[in-house]
Trainee: 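Quick one: this structure, given as structure tokens, is what I'll be asking you about.
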Number of protein chains: 2
Amino acid sequence: MREYYSITELTREFDISTRTLRFYEDEGLIQPVRRGRTRLFRPSDRHLVRQILRGKRLGFSINEIREIIQMYREPPGEVGQLKLLIRRITEKKDDLRQKRRDLEETLAELDQAEESCVERLVELGVNT
Amino acid sequence: MREYYSITELTREFDISTRTLRFYEDEGLIQPVRRGRTRLFRPSDRHLVRQILRGKRLGFSINEIREIIQMYREPPGEVGQLKLLIRRITEKKDDLRQKRRDLEETLAELDQAEESCVERLVELGVNT
DNA sequence: GCTTGAATTGACTTTTACGTAAACGCCGTG
DNA sequence: CACGGCGTTTACGTAAAAGTCAATTCAAGC
């Protein structure tokens, strides 16, 4: 496991810009350490970036991603906070399950559309 | 099956604003018919709205949603166009499958986070 | 010591997806 | 007929998520 990654290494690995990484830092999503002024990204930062991009692909906003990331952190010590966190996690899970339903439905409709196309091709006598 | 829905009926049903529906019309996603100047939404428009909102929940942009919607239409008559459409559909499906992987991973991590919370509660001697 | 290339910061710009406000049309009711 | 309610258009505004540009800084290599 590498100790540090440079900002350009991560931009290449994830195909994002330096501006994006700095933006995520400004937003408090990642906190790379500094050597002088240059940012050093640890494996944990790298993993966070991975999670952020995953969240983005799923259509979550930066704020929602921030919330999700906080859920992965060490659970709090106080009972009330713990219960609150569990409620939040449950909500996010429900959210994701809704997305999963949406996804399956969309996939099914696309399958149908594809099949119509193939049928149409067969009608036209095209060797598939 | 109702013949027409008014704009406010749809805003209530889908919990969106009239502005949003007009915006979708401006963007060419729906084409409600008119009686005078008032819009009349047919069941097909209503179904499109449903698909649009599903797409939004999955994080697709308006442009992407427009593309997807066009895929549901009658397949074109020309072979080249048909093959192109099939390629596009395949791409979207790949896209959705990526989202599904993202979704499952995020769900798994949330499950883990939840479990940590529950464990912590047990440590604190809380009766779950 | 000078150049070169990678990083940094800060300011300004852009795109998307609507929100909001103004100003008006149409129609049924008391 | 005045009104309230629903609908319309036009125009401007805005928040989020970066992109872009300019001015600097810094370290490395020759």
Side-chain angles (χ1 to χ4, degrees), chain A residues 2-42 45-46 48-70 92 95 99 102, chain B residues 2-42 45-46 48-70 92 95 99 102:
Chain A
R2 300 256 319 259
E3 190 160 10
Y4 293 124
Y5 303 86
S6 79
I7 195 167
T8 32
E9 278 178 320
L10 291 192
T11 63
R12 288 196 189 118
E13 175 172 1
F14 295 113
D15 194 28
I16 52 179
S17 69
T18 60
R19 180 73 183 85
T20 301
L21 283 169
R22 291 189 200 108
F23 175 70
Y24 292 157
E25 185 181 0
D26 284 348
E27 290 294 314
L29 299 181
I30 48 179
Q31 282 123 304
V33 295
R34 300 283 181 128
R35 180 171 49 206
R37 301 199 312 167
T38 43
R39 293 164 175 82
L40 299 177
F41 294 80
R42 292 155 299 185
D45 295 309
R46 182 159 163 275
L48 272 177
V49 172
R50 194 185 296 284
Q51 289 176 329
I52 294 168
L53 296 179
R54 225 167 51 198
K56 280 207 52 182
R57 283 195 297 271
L58 290 174
F60 288 114
S61 72
I62 294 296
N63 279 329
E64 288 173 314
I65 290 172
R66 202 200 324 277
E67 287 176 26
I68 294 174
I69 282 178
Q70 279 161 6
K92 275 296 164 207
D95 191 349
K99 275 188 207 291
D102 290 330
Chain B
R2 300 257 319 260
E3 189 162 10
Y4 293 125
Y5 303 86
S6 79
I7 194 166
T8 33
E9 279 178 319
L10 292 192
T11 64
R12 288 196 189 117
E13 174 172 2
F14 294 114
D15 194 28
I16 53 179
S17 69
T18 60
R19 178 73 182 85
T20 301
L21 283 169
R22 293 190 196 109
F23 174 71
Y24 292 157
E25 185 181 359
D26 284 347
E27 290 293 316
L29 299 181
I30 49 180
Q31 282 122 303
V33 295
R34 300 284 181 128
R35 179 171 50 208
R37 298 201 315 167
T38 35
R39 293 163 174 82
L40 299 177
F41 294 81
R42 293 155 297 185
D45 295 310
R46 182 160 163 274
L48 272 176
V49 172
R50 195 185 296 286
Q51 289 175 328
I52 294 168
L53 297 179
R54 223 167 51 197
K56 279 208 52 184
R57 283 195 297 272
L58 290 174
F60 287 115
S61 72
I62 295 295
N63 279 328
E64 287 173 314
I65 291 172
R66 200 199 327 276
E67 287 176 26
I68 295 174
I69 282 178
Q70 280 160 6
K92 274 296 165 207
D95 192 348
K99 277 189 206 289
D102 289 330

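Below, read A as the first sequence line, B as the second, and so on, with proteins coming before strands; counting in each chain starts at 1.
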Trainee: Do the charged groups of A:Glu25 and A:Arg34 touch, with an N to O distance under 4.0 Å?
Mentor: yes

Trainee: Which residues pass the side-chain hydrogen bond (donor to acceptor under 3.5 Å, both in side chains) test with B:Arg37, not counting sequence neighbours?
Mentor: none

Trainee: Are there any protein N/O atoms within less than 3.5 Å of an N/O atom in nucleotides 1-4 of chain C, and if so, which ones and at what distance?
Mentor:
none

Trainee: Round to a whole Å and report the spacing from CG of A:Leu40 to C1' of C:dA6.
Mentor: 13 Å

Trainee: So do the side chains of A:Leu48 and A:Phe41 get within less than 4.5 Å of each other, counting heavy atoms only?
Mentor: no

Trainee: Is the shortest side-chain heavy-atom distance between A:Arg22 and A:Arg39 below 4.5 Å?
Mentor: yes

Trainee: Could you list by number each residue of residues 4-21 of chain B showing a heavy-atom separation from DNA chain C of less than 4.0 Å, or answer none if no residue does?
Mentor: B:Ser17, B:Arg19, B:Thr20

Trainee: Applying a 4.0 Å non-hydrogen cut-off, can you work out what A:Arg34 is touching in the nucleic acid: base, sugar-phosphate, or nothing?
Mentor: sugar-phosphate

Trainee: Below 4.0 Å from chain A heavy atoms, what is the first contacting nucleotide of DNA chain D and what is the last?
Mentor: D:dA17 to D:dT25

Trainee: Find out whether B:Glu9 and B:Arg46 are in side-chain contact, i.e. whether some heavy atom of one side chain is under 4.5 Å from a heavy atom of the other.
Mentor: no

Trainee: Do B:Phe23 and B:Ile62 come within less than 4.5 Å of each other through their side chains, counting heavy atoms only?
Mentor: yes

Trainee: Check whether any side-chain heavy atom of B:Arg50 sits under 4.5 Å from a side-chain heavy atom of B:Phe14, and report yes or no.
Mentor: yes

Trainee: Do the charged groups of A:Arg42 and A:Asp45 touch, with an N to O distance under 4.0 Å?
Mentor: yes

Trainee: Below 4.5 Å, heavy atoms only, C-beta onward: do A:Ile30 and A:Leu21 meet side chain to side chain?
Mentor: yes

Trainee: Under 4.0 Å, counting only non-hydrogen atoms across every strand here, what does A:Arg22 touch: a base, just sugar-phosphate, or nothing?
Mentor: base

Trainee: Would you say B:Arg2 has more than 12 foreign heavy atoms packed within less than 6.0 Å of its CZ?
Mentor: yes

Trainee: Using the side-chain contact (heavy atoms from CB on, under 4.5 Å) criterion, which residues pair with B:Glu67? Sequence neighbours excluded.
Mentor: B:Lys92

Trainee: Tell me which residues in residues 56-63 of chain A put a heavy atom below 4.0 Å from DNA chain C, sorted by number, or none.
Mentor: none

Trainee: Does a side chain donor of either B:Ser17 or B:Thr20 reach within less than 3.5 Å of an acceptor in the other side chain?
Mentor: yes

Trainee: How about CG on A:Asp26, more than 12 heavy atoms from neighbouring residues, nucleotides or ligands closer than 6.0 Å, or not?
Mentor: yes

